[in-house]
Q: 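Provided herewith is a single structure, encoded as structure tokens, for subsequent inquiry.
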Amino acid sequence: METTRNAAATTQAAPSVSVTWQILATVYFNFIIYFLIGLPLAVFPSIVHNQLGLSATLAGFLISLQYAATFVTRSTVGQITDSWGPKWAVLGGLASGAVSGLCVLEAAFQSSATGILIWLCLSRLFLGAAESGVSTGCITWGIGRMGATHTAEVISWNGVTSYGGIAAGAPIGVLLSHIHGLTAVGLTTTILPLLGLGLCVLKKPVPVVRGMPIALSTVFRRMLPFGGALALGSLGFATIVAFITLYFSDHHWSGAAYALTAFGASFASVRIFFSGAIRKFGGYRCSLISFIIEFFGLGILWLAPSPWVAICGAMLTGFGLSLIFPALAVEALKTVPVSNRGAAIAVYTVFLDVSLGATGPLAGIVIGHFGYPSVYLLGALAVALAQALTWRLSVLAKTRRLPVAVESSPAARTLPAQTARARL
């Protein structure tokens with residue numbers, strides 16, 4: 001009897017391991033790009049401010065250029081993904097990443113501060129386009145390979161590679177800059193995506209779904225409530241990453257690094273070990289539970305009397321925040337045809353970009369008037385609004401008052417990516 005149970009358990013576990021490896025075989029391209037994003041995060045601001053003698057504001061502007069380029073290119077990448085196939089979005093993103101590295105190399109050979117700054121700005125723009133192409137393409141490619149039932153797992157692992165890439169890239173970028181300055185950073189930023197391009201070319205594309213696509217404006221309207229909940233719920237992430245160090249310093253506490261580590265570890269562990277809960281319990285239920293956990297975590301940070309309580313609050317916030325993006329995405333993608341999946345993912349992700357970009361200035365205003373703890377109260381209130389919005393969406397879904405994707409034929413017609421490209 002025990003042997004039978006063990007055999008059954010092995011049979012059930014094997015597909016899970018197989019699914020994970022198949023997902024990783026696609027999303028590792030995303031790790032490459034986010035590793036490249038991490039490389040200059042601690043290097044470029046130091047060069048611009050300390051070596052070139054330019055303002056800290058200009059150093060911050062340089063870093064922000066990447067996110068602006070990502071925002072601007074999202075919709076175009078979504079359309080390429082739906083029309084040509086996600087493989088081409090990933091290839092384009094990797095190529096853009098290599099061009100970004102060439103720009104860094106060019107900056108290394110400039111003698112004037114203006115020349116260095118211009119080439120670094122171009123590098124950031126190409127890297128932003130690379131992020132947009134590879135992140136959207138990997139998600140769509142992974143879902144196309146694994147099927148819609150594994151949407152949550154694909155998005156979760158894509159997120160793990162994102163944060164893991166940045167975490168690995170940032171310290172290595174500092175090390176490379178100490179070895180040979182911008183030249184070492186530029187060479188690494190050029191060579192890695194070229195290696196990725198070689199591997200990507202060899203991978204088999206997924207078929208392009210050819211249904212009756214809906215207009216991009218309609219995709220935007222259908223993503224709007226889900227993206228709104230995502231944006232509100234993501235304020236907690238932005239406030240912890242951007243302000244936890246200053247929050248600890250304002251309280252004359254040490255240990256801000258432990259808070260960031262606790263937040264990151266809890267976030268990653270939930271993504272890795274519990275992403276299957278979305279498929280089992282549904283996106284709405286997982287989102288609502290996640291928002292409650294995040295709300296209490298931010299509330300603890302707001303009222304924390306000691307650094308260890310604040311660290312626990314950061315950890316709880318990470319637990320709550322982790323599944324919000326994939327859980328809401330699963331439900332959002334049900335409202336659009338498969339032929340619009342790439343555009344939907346791109347539009348949905350834009351709301352996260354906007355949230356992360358807007359949180360800094362908004363939180364700065366709040367801190368200026370009410371102090372650092374108030375920023376976590378702001379995050380908790382935003383999460384409460386996200387909870388209410390998600391609950392309303394779940395009610396509309398249960399009563400069938402949300403749009404449901406209907407393909408133009410009982411079985412969506414698919415074409416190989418090469419054929420679809422030839423018809424364009």
Side-chain angles (χ1 to χ4, degrees), residues 29-71 93-135 161-196 238 240-246 249 256-257 260-261 264 353 356-357 360:
F29 296 117
N30 197 56
F31 177 85
I32 292 174
I33 288 300
Y34 276 89
F35 181 85
L36 302 186
I37 290 171
L39 284 178
L41 283 181
V43 176
F44 285 6
S46 176
I47 290 174
V48 171
H49 186 52
N50 298 329
Q51 296 182 24
L52 302 182
L54 301 175
S55 68
T57 302
L58 200 54
F61 171 77
L62 174 64
I63 296 299
S64 299
L65 272 180
Q66 177 209 310
Y67 304 110
T70 300
F71 176 82
L94 290 168
S96 185
V99 174
S100 172
L102 292 175
C103 291
V104 177
L105 282 174
E106 185 64 34
F109 293 101
Q110 297 294 310
S111 57
S112 67
T114 302
I116 293 173
L117 184 63
I118 288 173
W119 282 105
L120 291 183
C121 286
L122 288 173
S123 169
R124 299 299 291 169
L125 291 173
F126 279 108
L127 191 56
E131 178 192 358
S132 181
V134 174
S135 62
T161 59
S162 299
Y163 297 112
I166 291 176
I172 292 177
V174 174
L175 178 63
L176 290 172
S177 69
H178 288 159
I179 294 173
H180 212 295
L182 284 176
T183 303
V185 175
L187 281 172
T188 305
T189 308
T190 304
I191 292 171
L192 281 180
L194 288 178
L195 292 175
I240 287 179
V241 171
F243 296 104
I244 194 69
T245 302
L246 297 173
S249 177
L260 286 171
T261 300
D353 298 334
L356 299 180

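Computed from a predicted model, the values in this text were never measured in an experiment. The first residue of the sequence shown is numbered 1, and numbering continues consecutively from there.
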Q: Which heavy atom of Ala168 sits nearest a heavy atom of Phe31, and at what distance?
A: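 Scanning both residues completely, I find the closest heavy atoms to be CB-CZ, 4.4 Å.
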Q: Between atom OG of Ser100 and atom CG of Leu122, what is the distance when rounded to the nearest 0.5 Å?
A: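 Nearest 0.5 Å value for the OG-CG distance: 9.5 Å.
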Q: Only one of Val185, Ile166, Val104, Leu192 forms a side chain to side chain contact (heavy atoms under 4.5 Å, CB included) with Leu36, so which one is it?
A: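 Answer after filtering Val185, Ile166, Val104, Leu192: Leu192.
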Q: Please lay out, stage by stage, how Phe29 and Leu94 fare under the test side chain to side chain contact (heavy atoms under 4.5 Å, CB included).
A: CA-CA 8 Å; Phe29 296 117; Leu94 290 168; 4.0 Å; yes
Q: Nearest 0.5 Å, please: how far is CG in Leu54 from CD1 in Ile47?
A: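 Separation between the atoms: 11.5 Å.
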Q: If you look at every heavy atom in Ala108 and Thr183, which pair is closest and at what distance?
A: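 That closest heavy-atom pairing would be CB-OG1, 3.5 Å.
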Q: Between CD of Glu131 and OG of Ser96, what distance do you get to the nearest 0.5 Å?
A: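 Atom-to-atom, Glu131:CD and Ser96:OG are 11.0 Å apart.
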Q: Kindly say whether Trp119 contributes a backbone atom to a donor-acceptor pair with the side chain of Ser123 at under 3.5 angstrom?
A: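 Here the side-chain-to-backbone pair does not exist.
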Q: Does atom CZ of Phe126 have more than 12 heavy-atom neighbours, drawn from other residues, nucleotides or ligands, at distances under 6.0 Å?
A: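 No - once you tally the heavy atoms of other residues, nucleotides and ligands closer than 6.0 Å, there are 12 at most.
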Q: In Å, rounded to the nearest 0.5 Å, how long is the span from CG of Leu175 to NE2 of His180?
A: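 Going from CG on Leu175 over to NE2 on His180, the span is 13.5 Å.
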Q: Begin from the C-alpha positions of Leu182 and Leu120 and carry the test side chain to side chain contact (heavy atoms under 4.5 Å, CB included) through to its verdict.
A: CA-CA 10 Å; Leu182 284 176; Leu120 291 183; 4.3 Å; yes
Q: Taking all heavy atoms of Thr188 and all of Leu39, pick out the closest pair and write down the distance.
A: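 Minimum heavy-atom contact is CG2-CD1, 3.9 Å.
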Q: If you compare all heavy atoms of Gly97 against all heavy atoms of Ala130, which two are closest, and at what distance to 0.1 Å?
A: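 Residues Gly97 and Ala130, closest heavy atoms: N-CB, 3.6 Å.
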Q: Distance from Leu195 atom CG to Thr190 atom OG1, nearest 0.5 Å?
A: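 Between atom CG of Leu195 and atom OG1 of Thr190 there are 11.0 Å.
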Q: Would you name the heavy atoms of Ser177 and Val174 that are closest together and state the gap between them?
A: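 Minimum heavy-atom contact is OG-O, 2.7 Å.
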Q: Write down the atom of Leu194, the atom of Ala98, and the distance for their closest heavy-atom approach.
A: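 So the two residues come closest at CD2-CB, 3.9 Å.
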Q: Any side-chain heavy-atom pair from Leu62 and Pro45 closer than 4.5 angstrom?
A: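 In short, these two side chains do not touch, never coming nearer than 4.5 Å.
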Q: About how many Å separate CD1 of Ile33 and OG1 of Thr189, when rounded to the nearest 0.5 Å?
A: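 The OG1 atom of Thr189 sits 9.5 Å away from the CD1 atom of Ile33.
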Q: Any sub-3.5 Å donor-acceptor pair from Thr70's side-chain atoms to Ser132's backbone N or O?
A: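 Flag not set: sc Thr70 to bb Ser132 has no pair under 3.5 Å.
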